[in-house]
Structure formats: C-alpha cells, structure tokens
Amino acid sequence: MSLEPRVDQGVPEPTARVVRAAFPEGTLAVQIREALGPLFEDEAFAGAFAVRGRPAVSPGALASVLQYAEGLTDQQAADQVRARMDWKFLLGLELADPGFDASVLSLFRSRLIEHGPEQTTLELVLERLRGLGLLKAGGRQRTDSTHVLAVVRTLNRMEFVGETLRAALAALAVAAPTWLSDVITAEWAERYGQRVDDYRFPKGEEVREQWSGQVGRDGFLLLEAVYAPTAPGWLREIEAVQVLRVSWVQQYHRDERGCAGGRARISRQFITGCARPMTPIHVMESSVARAGPATRHTCPRTVSRTHPM
C-alpha cells in the first residue's frame, strides 16, 4: 500500500452543524477534534507505507486513539465510524461516508510497529490528550503508545476466542443437539448466546484476564468432550471444532492441573492474522448452513455479515 498525503479540510459543514445540534455539550470525540484539530498529519506516517502501490486508507481517518479510550475491538470501532456522527466529526468525514473495513485498523497497527512512528507521532498525540485531560488511565494503567496498541490487540484477541468458541457451539448445536445438551450447562447460553462484539468488554486487565480464562476453560472442556472415547468420532471432523482446537493451541496455555480446577490463561505471545486458520464468523456461517437450521434453545445466534480479523 502507498500513502497519499492530504491536507485536512476541516469537518464538513453539514457534519459539524448536525453534530453540534445533537451534542451541544460535545462528546469525547468532539472534544478531541475541537481541542487538537486533525489528530494525525498524514505526512508524519508516510514512512510506514510503500512509495508505490495501491493507496492506503489515510492514517488521519483511523480511530485508534478513540478505539482505545472506549475499549472497542476493530469491528466495533469500524461500526462506530459508520454509525456515529461524533466519530465522523472527529475524523472529518461526511455524514454519508461509509467508513472503512475493520481490517484497516489491524494493518495500520502492524505498520506502526514495523516502522516505529508510534514512538514519535502517536506518542505526541497521546501526550497532548493526557495534558488536556481527554485521555485518562485507570489506576496504574499506562497511556503510552505501546500500551495503547497492546490493549487494542488484546481486545481483538478476546473477541476472536469468544467468537471461535461460539462458532463451535453453533455447529455442534445443529449437528448433535442432544449430545451437546449433556455437555454444557445453562450458564453457557448466557455467556455465548450473544455475539461477542455486541457488548463492551469489561475494563481492567484483571477482569479481562478472568473473562479470557473462563472462555479458555470452557473451550478446553468442550474439546475434551468432543475427543472423549465415548463421543461420536465424526464430531471431530466438524470444521468449527477443528478451528477451535487449533486456535486454543495458539491462544492458550494450561497449567498442570488441566481444565478442571486449573487455569487456562491466554498466551502473551500475539498470534498474527496469517496464523489463524479461518475467521470464526465464516466458520459459523458455513457450518450451520451445511448442517441445516438450528434450534433456538441450543444454538447461539448466528449472523450474516463477515468478520475480518
């Protein structure tokens, strides 16, 4: 990708008029825009992009800082750009602007890490936001660029493991509902009946580790049931189950006590997008489509849109 520097033309007048009428006291996004103007000057990021090739989405249009402030995954942030007027105000977009694909955000972070501008431009932006009181950390939490990028990556990994487990449950609920009902409890429906990106993750590293650990233990429990000698062998051939097994090897560590009573903690080693066998939403759609309609009592809700990682 190549970057075409552009001069920020300010917030489009229709966007500014509607947003200021709707939010006379402003929102965080509005306050950031009005206090700092354009958060990112494109030329400051030009070194992170190839000179030739397809133009990249402008870093000035990316929402990484606000994504961190609101605790959003890439998919959630991309949805906010499409749905929220104040985000369009922040990014200087027309109200009808369709936004960008969620994958743009992860690609942007990868390029920052590879080329290092996060230690200069992004750090300067965060410092100015902290100075104005617009970006605050809770407790001992840091707000430097490295930490901001790490938090956003963690949120996306949490979404990935949650949706991967949901995809496996959806496929098994269609293929073997009676078998699955003997394995899981009613609490599973509460934890995995809703799409992961339909709600906000809890704040705080400890709480998020607890959430990830619960998902990990549930995933290991399901895999042990599938691979038990008494389970039908064909369950292991279900695509979503295979993806679950590979993903848990990549994403989790278990202690010597195993699943029952032990810990399942998410690995500190980030798994790159190319190492993932398939996105869980694609798996959920294809597996359920082949197996037939699911019963609403045992199968988590499926969706029709794709989910780029």
Side-chain angles (χ1 to χ4, degrees), residues 1 3 28-29 32 39-40 45 48-49 54 56-84 86-88 90-91 93 97-115 117-118 122 125-126 135 143 145-167 194-203 205 208 211-212 215 243 247 250-251 266-267 269-285 303-309:
M1 287 186 178
L3 173 65
L28 177 61
I32 290 176
L39 282 182
F40 298 101
F45 289 89
F49 296 86
R54 182 168 57 87
V57 173
S58 169
L62 299 177
S64 297
V65 173
L66 202 55
Q67 180 182 4
Y68 163 79
E70 297 195 10
L72 303 176
T73 65
D74 290 345
Q75 185 61 59
Q76 290 173 329
D79 289 342
Q80 296 304 304
V81 174
R82 284 186 285 271
R84 285 177 51 179
D86 58 337
W87 279 57
K88 293 182 184 294
L90 168 66
L91 300 177
L93 302 177
D97 193 289
F100 46 77
D101 187 85
S103 62
V104 169
L105 293 170
S106 62
L107 290 172
F108 175 71
R109 289 193 303 274
S110 297
R111 291 184 179 275
L112 282 179
I113 292 174
E114 290 174 3
H115 296 270
E118 81 277 10
L122 185 55
V125 169
L126 295 171
L135 186 63
T143 54
S145 59
T146 302
H147 180 72
V148 167
L149 296 176
V151 168
V152 174
R153 280 176 174 265
T154 297
L155 290 169
N156 282 286
R157 295 178 72 206
M158 291 171 65
E159 181 186 49
F160 174 74
V161 295
E163 283 299 306
T164 299
L165 180 53
R166 287 188 70 251
Q194 183 182 20
R195 261 187 66 97
V196 175
D197 65 2
D198 283 347
Y199 60 85
R200 301 290 176 89
F201 286 113
K203 293 186 177 181
E205 183 176 351
R208 288 174 177 173
W211 186 93
S212 300
V215 174
V243 171
S247 298
Q250 294 176 338
Q251 300 288 346
I266 199 162
S267 171
Q269 180 66 38
F270 290 127
I271 303 300
T272 59
C274 62
R276 293 170 179 166
M278 184 177 290
T279 63
I281 299 305
H282 285 131
V283 172
M284 185 182 294
E285 291 172 346
V303 295
S304 58
R305 67 179 177 177
T306 59
H307 181 62
M309 298 299 295

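Residues R82 and F100 come closest through the heavy atom pair NH1-O, 3.1 Å. The nearest pair of heavy atoms linking A78 to L105 is N-CD1, 4.5 Å. Residue G71 comes nearest to R208 through the heavy atom pair CA-NH2, 4.3 Å, listed as atom of the first residue, atom of the second, then distance. What you find for D97 and K88 is that their closest heavy atoms are O-NZ, 2.6 Å. Shown here for W87 and A29, the closest heavy-atom pair between the two residues is N-CB, 4.4 Å. Counting all heavy atoms, side chain and backbone alike, G99 lies closest to V81 at CA-CG1, 3.9 Å.
Checking side-chain atoms of E163 against main-chain N and O of V196 turns up a donor-acceptor pair under 3.5 Å. Of the possible polar contacts, one joining the R166 side chain to the Q194 backbone as a donor-acceptor pair under 3.5 Å is found.
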**OP:** Starting from the C-alpha separation in whole Å, work towards a yes-or-no answer on side-chain contact (heavy atoms from CB on, under 4.5 Å) for Q80 and L90.
**Re:** CA-CA 12 Å; Q80 296 304 304; L90 168 66; over 6 Å; no
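Taking OG1 of T164 as the reference point, atom CZ of R157 lies at 11.5 Å (rounded to 0.5 Å). Expressed to the nearest 0.5 Å, how far CD of Q76 lies from CG of L155 amounts to 8.0 Å. From L72, atom CG reaches atom CG of L66 across 7.5 Å, with rounding to the nearest 0.5 Å.
Side-chain contact check for Q251 versus V215: every heavy-atom pair is 4.5 Å or farther apart. The shortest distance between side-chain heavy atoms of D74 and V152 falls below 4.5 Å.
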